[in-house]
Amino acid sequence: MKSKYLVIMGLAMSVFACQKRDLVIQSAQIPPISDLSYTLNGDTVLLSWKMPAGLDGLIPIVSEGASSKELASNSTTYKYGIIETNKEYTYLVKLKDGKGNLSLGELVKFRREGAAPIKDAFGEQNDNGVLLKWTLPASPVAKIIIKIGGQTIELAGTATSYQVNNVPIGTYNISFVTYNSAGQSSNTVYLPFKVGATAVGYIGKYADSLSLLSTGDDDEVAAAKWLFANYSKSRYISFDNVKNGVVDLSQFRVIWWNYDLESTKDLPSVATDATVVSRLKAYYQNGGGLLLNQFAVQYFWTLGRMTEPYFMGFDQGTGFNNPDTWGIGVKINRKHDFSTHPLYKGIAMTTQGDGRVTFPIIGPGWKENHNAVILRIPEYLKLEPNDNEAAYNKFISDNNIEWLGQWDGIGDYWMAGVMELKPKGSYQGSAIYIGIGGIEWKQNFTTNVYQSNIEKMYKNAIDYLKTK
């Protein structure tokens with residue numbers, strides 16, 4: 001036993017000696033900055049430092065958490081905002097030369113003391129102006145200051161909503177600041193908001209609303225009835241109206257196409273007419289909002305907003321009986337969680353054991369399953385495997401989208417079924433793409449026990465697009 005112990009000790013010392021000999025610490029090739037300091041001015045921090053004497057062309061690199069930013073060579077200041085209250089910040093500043101050599105880093109730490117900010121700011125345009133809503137922080141606040149355009153509103157610290165009247169048409173960045181009993185302010189919370197037309201259009205291939213309600217697919221009819229009952233300034237638009245120029249599209253804040261037939265997925269010829277496409281494209285490019293679901297999502301390619309020929313998954317037909325509950329997953333690859341996106345406001349989420357976050361959309365019974373989704377995204381981008389983060393980054397960057405949802409059982413980047421299309425290039429409008437086949441406005445032969453989730457989702461989509 002003693003000899004074995006000595007052998008083991010000898011081997012351990014030998015390994016340690018090798019490790020020690022292999023450990024080489026090289027000194028930095030260039031000197032660091034000096035006199036690093038910070039100045040807080042409201043929501044902004046200004047970092048400043050001195051560069052090493054006698055050297056030129058060095059590039060400062062400023063890091064905070066996982067993010068880094070290279071500055072112009074010889075820079076001696078860096079400004080950043082918004083600095084949140086009651087949060088610890090640590091900034092690291094290094095220098096880099098033209099050969100990639102790095103200096104040692106200098107650190108500065110600070111904490112901005114102040115009131116806690118509001119959360120979940122939301123605006124809703126109505127006939128008289130804008131109704132603002134928010135959630136109060138856990139810590140009590142003494143007052144809330146709101147600024148919109150030229151108006152400044154002071155409210156009690158217990159307020160959670162306010163109606164702003166007489167707001168001219170335009171684009172606003174509404175600000176909210178709270179104050180605590182010591183007079184300290186919170187960081188500013190901004191709510192981008194567009195005040196404009198208020199009407200919502202429900203577009204389709206039918207000649208008029210009576211034809212829609214009497215001859216349309218049951219899912220199209222159910223959605224139309226819900227819209228007309230819940231939005232007083234909503235009306236039906238036919239593609240023929242658009243083609244003939246008898247409807248002024250600029251009066252609509254959002255145009256919704258709910259194209260969900262059992263017979264075909266193909267777009268109707270009137271929708272792809274050159275005049276119709278030109279006018280709807282102009283509406284979208286000029287800032288109009290689009291809500292397209294089921295087979296209507298193909299229209300994003302017709303309008304030129306989506307251009308890549310991704311692998312698509314379409315399911316057609318009358319459907320089938322199924323005993324399961326189907327849902328949407330909102331934590332893409334169990335990493336990018338969009339459960340707090342305005343599209344899902346008020347919908348109860350469930351965190352699954354493997355990290356997926358989901359909510360149900362259709363219960364047991366007949367399901368038409370009219371999918372219109374993008375599939376095999378990493379394969380198309382040649383960035384496999386299916387959980388490759390580079391595929392996610394390229395997909396959202398190429399298209400300027402938020403990837404909001406997929407079928408609830410998927411835990412990677414294989415498919416996209418719900419998206420927000422943000423303004424891109426000449427397309428200044430915002431849009432929502434909903435292609436998950438489990439979202440039906442009328443479940444055949446039964447009542448969908450999760451119908452309220454569908455209604456909430458679409459109300460959220462319309463109300464959200466009306467703020468853009």
Side-chain angles (χ1 to χ4, degrees), residues 19-20 22-114 117 173 175 185-190 192 332-338 340 378 381-383 385 387-403 413 422-425:
Q19 290 175 338
K20 187 174 181 180
D22 292 340
L23 183 61
V24 178
I25 300 176
Q26 295 182 339
S27 60
Q29 299 295 307
I30 53 177
I33 63 166
S34 59
D35 297 337
L36 176 61
S37 63
Y38 73 92
T39 303
L40 276 171
N41 183 14
D43 288 334
T44 305
V45 65
L46 177 66
L47 303 182
S48 58
W49 57 86
K50 291 181 180 178
M51 298 290 283
L55 296 176
D56 188 47
L58 298 179
I59 299 171
I61 303 173
V62 181
S63 302
E64 197 277 315
S67 63
S68 295
K69 182 177 178 63
E70 289 192 4
L71 308 183
S73 62
N74 303 318
S75 298
T76 57
T77 61
Y78 173 68
K79 186 181 289 187
Y80 177 82
I82 294 172
I83 297 296
E84 299 178 24
T85 51
N86 311 313
K87 176 181 174 181
E88 302 289 342
Y89 284 86
T90 301
Y91 283 91
L92 174 70
V93 182
K94 293 182 179 182
L95 296 177
K96 183 176 76 171
D97 63 17
K99 298 179 180 180
N101 296 313
L102 295 173
S103 73
L104 295 176
E106 292 294 317
L107 287 174
V108 65
K109 298 182 179 182
F110 62 87
R111 175 185 172 92
R112 177 187 175 190
E113 301 293 343
N173 212 12
S175 67
S185 67
S186 71
N187 56 273
T188 307
V189 173
Y190 289 100
I332 312 304
N333 194 28
R334 292 170 284 194
K335 182 175 181 179
H336 304 279
D337 188 353
F338 289 98
T340 60
L381 297 173
K382 295 181 172 54
L383 290 171
D387 62 354
N388 187 347
E389 192 68 13
Y392 174 86
N393 291 332
K394 182 169 177 57
F395 183 66
I396 65 171
S397 175
D398 286 352
N399 300 296
N400 198 28
I401 64 167
E402 294 281 11
W403 188 343
Y413 300 130
K422 297 180 176 181
K424 179 186 178 187

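Quick caveat: nothing in here was measured; it's all calculated off a predicted structure. In what follows, residues are counted from 1 in the order of the sequence shown. Atoms considered below: every heavy atom in the structure, side chains included; atoms not considered: hydrogens, waters and symmetry mates.
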Checklist entry - With distance as the sole test, does Asn86 use its side chain to make a donor-acceptor pair with the main-chain N or O of Glu113 at under 3.5 Å? => result no

Checklist entry - Under 4.5 Å between any side-chain heavy atoms of His336 and Tyr392, yes or no? => result yes

Checklist outcome for this item: Between Leu381 and Ala391, the two heavy atoms sitting closest are CD1-O, 3.5 Å

Item to check | Between OG on residue Ser63 and OH on residue Tyr91, distance to nearest 0.5 Å | outcome: 10.5 Å

Next on the checklist: How close do Pro60 and Ser73 get, counting heavy atoms only, and between which atoms?
Outcome noted: CD-CA, 4.4 Å

Item to check | Residue pair Arg334 / Asp387, side-chain heavy-atom distance below 4.5 Å | outcome: no

Checklist entry - Counting only heavy atoms not in Lys394, do more than 12 sit closer than 6.0 Å to its NZ atom? => result no

Checklist entry - Under 3.5 Å, side chain of Asn388 to main-chain N/O of Ala390, donor-acceptor pair present? => result yes

Checklist entry - From Tyr89 OH over to Leu47 CG, what is the distance, rounded to the nearest 0.5 angstrom? => result 12.0 Å

Checklist outcome for this item: In short, Ser186 meets Arg112 closest at the heavy-atom pair O-NH2, 3.3 Å

Checklist entry - With the threshold set at 4.0 Å, does a side-chain nitrogen-carboxylate oxygen contact exist between Glu88 and Lys109? => result no

Item to check | Within-4.5 Å side-chain heavy-atom neighbours: Tyr78 and Lys69 | outcome: yes

Item to check | For Lys424 against Asp398, the heavy-atom pair lying closest together | outcome: NZ-O, 2.7 Å

Next on the checklist: Can you tell me how far apart OH (Tyr190) and CG (Asn173) are? Round to the nearest 0.5 Å.
Outcome noted: 7.0 Å

Checklist entry - Just how far is it from atom CG of Asn187 to atom OG1 of Thr44, taken to the nearest 0.5 Å? => result 11.0 Å

Checklist entry - If you measure from CG on Asn399 to NZ on Lys422, what distance do you get to the nearest 0.5 Å? => result 12.5 Å

Checklist entry - Are Thr77 and Ser48 close enough, and set up right, to give a side-chain hydrogen bond (donor to acceptor under 3.5 Å, both in side chains), and what steps lead you there? => result CA-CA 4 Å; Thr77 61; Ser48 58; over 6 Å; no

Next on the checklist: I need the Gln29 CD to Leu104 CG distance, nearest 0.5 Å.
Outcome noted: 10.5 Å

Next on the checklist: Can a donor-acceptor pair be found, under 3.5 Å and without considering hydrogens, that links the side chain of Asn400 to the backbone of Pro423?
Outcome noted: yes

Item to check | Intermediate values then yes/no, side-chain hydrogen bond (donor to acceptor under 3.5 Å, both in side chains), Glu389 and Tyr413 | outcome: CA-CA 8 Å; Glu389 192 68 13; Tyr413 300 130; 2.5 Å; yes

Checklist outcome for this item: Only one of Asn101, Ile33, Asp97 passes side-chain contact (heavy atoms from CB on, under 4.5 Å) with Leu58, and that residue is Asp97

Checklist entry - Between Leu95 and Pro31, what is the shortest heavy-atom contact and its length? => result CD1-O, 3.6 Å

Next on the checklist: What verdict does the side-chain contact (heavy atoms from CB on, under 4.5 Å) test give for Phe110 and Ile83, after you've listed the backbone C-alpha separation in whole Å, the side-chain angles of each residue and the deciding distance to 0.1 Å?
Outcome noted: CA-CA 10 Å; Phe110 62 87; Ile83 297 296; 4.0 Å; yes

Item to check | Side-chain heavy atoms of Ile61 within contact of Leu102, under 4.5 Å | outcome: yes

Checklist entry - Which atom pair, heavy atoms only, marks the closest approach of Ile59 to Leu71? => result CG2-O, 3.3 Å

Item to check | Validation row: Trp49, Glu106 side chains within 4.5 angstrom (heavy atoms) | outcome: no

